[in-house]
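After the structure tokens below, expect a handful of questions from me.
For the single chain, residues carry numbers from 1 onward in sequence order.
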Amino acid sequence: MATIANKANNKPPETEHDLATTKRILIGLAAGTMAGFSVAPFVATIDKSIVQNASGAATMRESIRGSVREILSRPHHFARRYEFALIFGLYSATYQSSNVIDTFYDKYPDCSVSKDW
């Protein structure tokens with residue numbers, strides 16, 4: 001039945017499979033970005049509080065309270081911070097690369113490179 005649809009659309013089956021793979025890659029990249037964006041505020045807040053506590057600039061409680069206050073009152077300022085951008089980039093890239101590798105191995109399950117290095 002799939003070959004009838006392929007003949008009607010004048011597309012070879014490989015093209016449809018490649019489009020499905022491309023769609024999965026794009027969805028995986030978007031999901032990785034969203035995952036990074038959802039994790040970054042928490043990690044940035046804890047990371048900042050640890051550094052400030054170690055340097056003696058503020059206690060962990062004061063630092064966390066200040067960061068949470070800034071997230072709730074001025075989220076656009078918080079999202080433009082350097083430490084937020086670093087953590088967002090790191091986590092997004094990690095989740096995106098994981099999703100792309102999973103998509104690759106789903107398409108090429110008999111690849112000679114082992115998934116379990």
Side-chain angles (χ1 to χ4, degrees):
M1 185 161 211
T3 56
I4 294 170
N6 291 339
K7 288 180 183 179
N9 293 334
N10 294 327
K11 293 181 182 177
E14 297 83 23
T15 304
E16 287 188 9
H17 187 64
D18 289 342
L19 288 175
T21 303
T22 302
K23 185 177 179 180
R24 284 192 60 199
I25 288 172
L26 292 175
I27 289 171
L29 292 174
T33 302
M34 288 186 281
F37 190 75
S38 64
V39 169
F42 300 107
V43 176
T45 299
I46 298 301
D47 186 50
K48 179 181 174 185
S49 68
I50 291 171
V51 170
Q52 285 186 338
N53 187 38
S55 70
T59 65
M60 288 195 64
R61 177 175 284 147
E62 291 169 353
S63 180
I64 290 171
R65 186 177 293 142
S67 292
V68 169
R69 187 177 300 129
E70 185 177 16
I71 289 171
L72 295 176
S73 64
R74 294 177 286 165
H76 54 287
H77 285 255
F78 186 82
R80 285 190 287 180
R81 288 184 156 196
Y82 182 70
E83 60 268 14
F84 176 82
L86 285 175
I87 293 169
F88 168 69
L90 174 72
Y91 278 85
S92 294
T94 301
Y95 291 126
Q96 288 171 347
S97 61
S98 174
N99 291 340
V100 169
I101 289 169
D102 284 344
T103 301
F104 174 81
Y105 279 104
D106 286 344
K107 182 171 175 148
Y108 301 108
D110 298 327
C111 182
S112 62
V113 178
S114 174
K115 189 175 182 180
D116 299 324
W117 305 8

Using a 3.5 Å distance criterion without hydrogens, assess whether the side chain of S98 forms a donor-acceptor pair with backbone atoms of T94.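 Side chain of S98 to backbone of T94, a donor-acceptor pair under 3.5 Å: no, none is there.
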Side chains of D18 and K107, heavy atoms from C-beta outward: is any pair under 4.5 Å? yes
R80 atom CZ, neighbour heavy-atom count above 12 within 6.0 Å: yes
Are side-chain heavy atoms of Y95 and T33 found at a separation under 4.5 Å? no
Which heavy atom of F37 sits nearest to which heavy atom of S92, and what is that distance?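 F37 and S92 have their closest heavy atoms at N-OG, 4.4 Å.
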Nearest 0.5 Å, what's the CZ-CD1 distance between F42 and I71?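 Reported to 0.5 Å precision, the distance equals 7.5 Å.
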Should we count OH of Y91 as having more than 12 external heavy atoms under 6.0 Å? no
Is there a donor-acceptor contact under 3.5 Å from the side chain of S49 to the main chain of I46?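 Looks like yes, one N/O pair under 3.5 Å.
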Joint hydrophobic cluster, L90 plus I87, side-chain heavy atoms closer than 4.5 Å: yes
Going hydrophobic residue to hydrophobic residue with side-chain gaps under 4.5 angstrom, can you get from I64 over to I50? yes
Distance, nearest 0.5 Å, that separates CG of D47 from CZ of F84: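 Result: 13.0 Å between the selected atoms.
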Going only through I, L, V, M, F, W and Y residues with side-chain contacts under 4.5 Å, is there a path from I27 to L19? no
Distance from D102 atom CG to I25 atom CD1, nearest 0.5 Å?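 It comes to 11.5 Å.
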Once you measure the plane-to-plane angle for Y108 and F104, does it fall in the parallel (<30°), tilted (30-60°) or perpendicular (>60°) bin? tilted
Pick out which of R65, H77, R81 makes a side-chain hydrogen bond (donor to acceptor under 3.5 Å, both in side chains) with E70. R81
Which heavy atom in A31 sits nearest to a heavy atom in N99, and how many Å separate them?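 Where A31 meets N99 most closely, the heavy atoms are CB-ND2, 4.2 Å.
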Could you tell me whether a side-chain N or O of S63 sits under 3.5 Å from a main-chain N or O of M60, the two making a donor and an acceptor?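 No; judged by distance alone, with no hydrogens or angles, the pair does not exist.
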Rounded at 0.5 Å granularity, tell me how far CD1 in I101 sits from CG in D106.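 Rounded to the nearest 0.5 Å, the CD1-CG separation comes to 12.0 Å.
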